[in-house]
2 protein chains.
Amino acid sequence: MNTVTLKDIADQLGLSVTTVSRALSGNGRVKKETTDKVVELAEKSNYMVNSLARSLRLSDTRSIGIVVPDISNNFFSNVIKGAQEVCHERGYMLMVCNSDENAHYEEEALKTLLEKQVSGLIVASVGSCPKIFSRYPKNRLPVVYIDNVPTGAENYDLVSIDNYTAALEFTRSVISRGYREIGMIAGPRKQSSGLMRYKGFVQALMDEGVELVPEWIVESEFSLESGYENMKKILSGGKMPRAMLFANNKLAYGAVKAILEAGLRIPEDMAVVSFDAFDHTGLVTPQIVSLNQPAEEIGRRACERIVEKLSGSDHQQVKHVFLKPFYTNGNSW
Amino acid sequence: MNTVTLKDIADQLGLSVTTVSRALSGNGRVKKETTDKVVELAEKSNYMVNSLARSLRLSDTRSIGIVVPDISNNFFSNVIKGAQEVCHERGYMLMVCNSDENAHYEEEALKTLLEKQVSGLIVASVGSCPKIFSRYPKNRLPVVYIDNVPTGAENYDLVSIDNYTAALEFTRSVISRGYREIGMIAGPRKQSSGLMRYKGFVQALMDEGVELVPEWIVESEFSLESGYENMKKILSGGKMPRAMLFANNKLAYGAVKAILEAGLRIPEDMAVVSFDAFDHTGLVTPQIVSLNQPAEEIGRRACERIVEKLSGSDHQQVKHVFLKPFYTNGNSW
DNA sequence: TACAATAATGCAATCGTTTGCGCAAGTCAA
DNA sequence: TTGACTTGCGCAAACGATTGCATTATTGTA
């Protein structure tokens, strides 16, 4: 069964493709009766517009691409949800890609999305500014980074929290609970989120005159495995920290496993404090104190920004939007 | 800055579009030197193929659509992850849509995906067989349902667990722990997963001669709120169950909130037993015993099935693939 | 040198829409 | 009756790629 096209309808009705197109779209003058006939037949024969052809002709796909490092991470899936909502409201389609925390896949995904002629891009990058953007300048289409701004991409739009300040205050609050032996498993420093959270952490320790123990502070990938391995290494050292800060949820989850395996209790023996370990049930991670990015809101704002740039005039202007993070299980804290 | 097309390259090199196209794709005979020149200029001028045009011409988008009811649900985001992986391996692009547990949105999403000419569809439906499929018969493109088969869609491909048997055995295992006052918050019965899990539950009680208490067995939407509200209602009744089975994770999470608010301990006062409350950390939901669908595997298999049908001969054949569910926190159980 | 075989390239149609422009028929006022 | 408008419709050119079928250039062989 082949797809039915405008031509098929036109032929059956003895009309031109032009008229059929106009009848269905409502653009242009078509006699009421004709319109009715066309609409009826279109309905009956299950006509469905071919977006490829339309988009090609109009040079507009009404779709927005988003690439995230890990779609199964709750943070990102909520970002997507937020973006999806805005797209739906505004008549856009969201095309989701997963880079699997891999810079090369990220490039691939961006390339594919660009080839598919998306009108805008939301990117949670895993590394430095994708080469693809140095080659296909951003004035070709709106690009908004979320979560972190990759090195080299400072003059792009961004929606995120202020990672430095967040880490600074988060760490201070740990210290103010009386902890003085504090470690951190930080994220990759080539991502600004990784770097800034690390810097905030260090600054807080220095401000408060708390000793920095190099063995307790490590740079790591954002993965369960790295969290687990790095935590094990720290636990196997001579001295042990009493509180650990994690740059993201996966790191924390991996580390928790190591901590429990070592027979330690959370938080009595080891306080676990993490970014983005938000859990909507409010129940399931009672032991982890978390400072969360408002994921859905980030998705929404990023998407709105794209749409705004798409329809608006300030296509060129660069804006950094900083949202407030929020604590969970902060009460027990 | 306008996009550069084959024509631009052709003009600059004094060649025809044909030759340029062939040089870049490697189809057809083109002199080595010419190819080199073309490739070089394409590179330099940042040429990027326009997928719309290509797909239109080839009647092939190499993309697969997936629509899920809730992308922020861990189960579905893992399904997507699995599907995404297969797509990536096979050179397809996955287009993700969220129906927000809403039959109408689901229809919309399917329509959009079809208009975008996806080559195949993976659907986790929220209801009965989408009207759109009765109008655009499945022999137009491969469709695979996952998680559950909507009423009216029995002759479609399906990848899921055997919900009836799973619920039956799951419930039996609860009974075998000595529980005799057992309730269930079931999912919508118009979804086969909802219905089958409910039937399995009831059958197990009858088999074992355990009393069915109507007040403890309710049909519900898959949402946190419904779980919370329905659980509160049950808790406010005269008698109280000692164990509750939930048809999905959201229901369980919502209910847990209600249970804890009522001052009850899990599992001492109330055992919580749920489908798909899998948590990869192995730590965070120690109180919930869960029977999980292998989400990533489901995504993979569904996607592989599509690709298979796309390239294979058995385009017509209908297959139901049943995967084994697995327990978590079953040890403490 | 001539003719065939082969290599390299180009023409033009095609995929399914949309839309500027033109044309015929109808309406209306003077 | 004429000229000016309006209405309803169609022609044909886009959009940017791919490809069957020429056509031309090159090489090889007798």
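Labels below follow one simple rule: chain letters A, B, ... track the order of the sequence lines, proteins then strands, and each chain is numbered from 1.
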Interatomic distance, [X] [atom1] vs [N] [atom2] [rounded to whole Å]:
| X | N | atom1 | atom2 | value |
| --- | --- | --- | --- | --- |
| Lys7(A) | dC15(C) | NZ | P | 9 Å |
| Leu6(B) | dT19(D) | CG | C1' | 13 Å |
| Met48(B) | dC15(D) | CE | P | 20 Å |
| Leu58(A) | dG16(D) | CG | C1' | 14 Å |
| Leu56(B) | dC15(C) | CG | P | 9 Å |
| Gln117(B) | dG16(C) | CD | P | 9 Å |
| Lys116(A) | dA17(D) | NZ | C1' | 14 Å |

(message) Just N and O in the side chain of Ser16(A): are any of them under 4.0 Å from OP1 or OP2 of dC9(D)?
(response) no
(message) Can you tell me if Tyr47(B) touches the phosphate of dG16(D), counting only side-chain N or O atoms and a distance under 4.0 Å to OP1 or OP2?
(response) no
(request) Would you confirm whether Asp100(B), through its side chain, and Asn102(B), through its main-chain N or O, come within 3.5 Å as a donor-acceptor pair? (result) no
(request) Report the residues that fulfil side chain to side chain contact (heavy atoms under 4.5 Å, CB included) with Val39(B), sequence neighbours left out, ordered by chain and then residue number. (result) Leu24(B), Thr35(B)
(request) For Glu115(B), check side chain to side chain contact (heavy atoms under 4.5 Å, CB included) against everything at least two apart and list the hits. (result) Met48(A), Val49(A), Ser51(A), Lys111(B)
Is [X] salt-bridged to [Y], cutoff N-O under 4.0 Å?
| X | Y | answer |
| --- | --- | --- |
| Glu296(B) | Arg300(B) | no |
| Glu40(B) | Lys44(B) | no |
| Glu308(B) | Arg305(B) | yes |

Please list each protein N or O that sits under 3.5 Å from an N or O in nucleotides 12-14 of chain C, with the distance.
residue : atom : partner  : partner atom : Å
dA12(C) : N6   : Thr18(B) : OG1          : 3.2
dT14(C) : O2   : Arg57(B) : NE           : 3.4
dT14(C) : O2   : Arg57(B) : NH1          : 3.2

(message) Strictly by salt bridge (charged side-chain N to carboxylate O under 4.0 Å, His left out), give each pair with a member in residues 60-70 of chain A just once, sequence neighbours left out.
(response) Asp70(A)-Lys250(A), Asp70(A)-Lys81(B)
(request) Return the 5'-most residue of the pair Arg54(B), Thr19(A) with respect to DNA chain D, ranking by each residue's nearest nucleotide. (result) Thr19(A)
(request) Mark yes or no for a side-chain to base donor-acceptor pair under 3.5 Å between Arg22(A) and dG8(D), with no hydrogen or angle criteria applied. (result) no
(message) For Val30(B) versus Ala23(B), what's the shortest heavy-atom pair and its separation?
(response) CG2-N, 4.0 Å
(request) Specify the residues of residues 23-36 of chain A, ordered by number, for which at least one heavy atom lies under 4.0 angstrom from an atom of DNA chain D. (result) Arg29(A), Val30(A), Lys31(A), Thr34(A)
(message) Quick check: on DNA chain C, is the nucleotide nearest Gly14(B) upstream (toward 5') of the one nearest Ser59(B), or the reverse? Name the residue that is more 5'.
(response) Gly14(B)
(request) May I ask you to say what Leu15(A) touches in the nucleic acid, namely base, sugar-phosphate or nothing, with a heavy-atom cut-off under 4.0 Å? (result) sugar-phosphate
(message) Could you work out, with ring pair (Phe, Tyr, Trp, His ring centres under 6.0 Å) as the rule, every residue matching Tyr92(B), not counting sequence neighbours?
(response) none
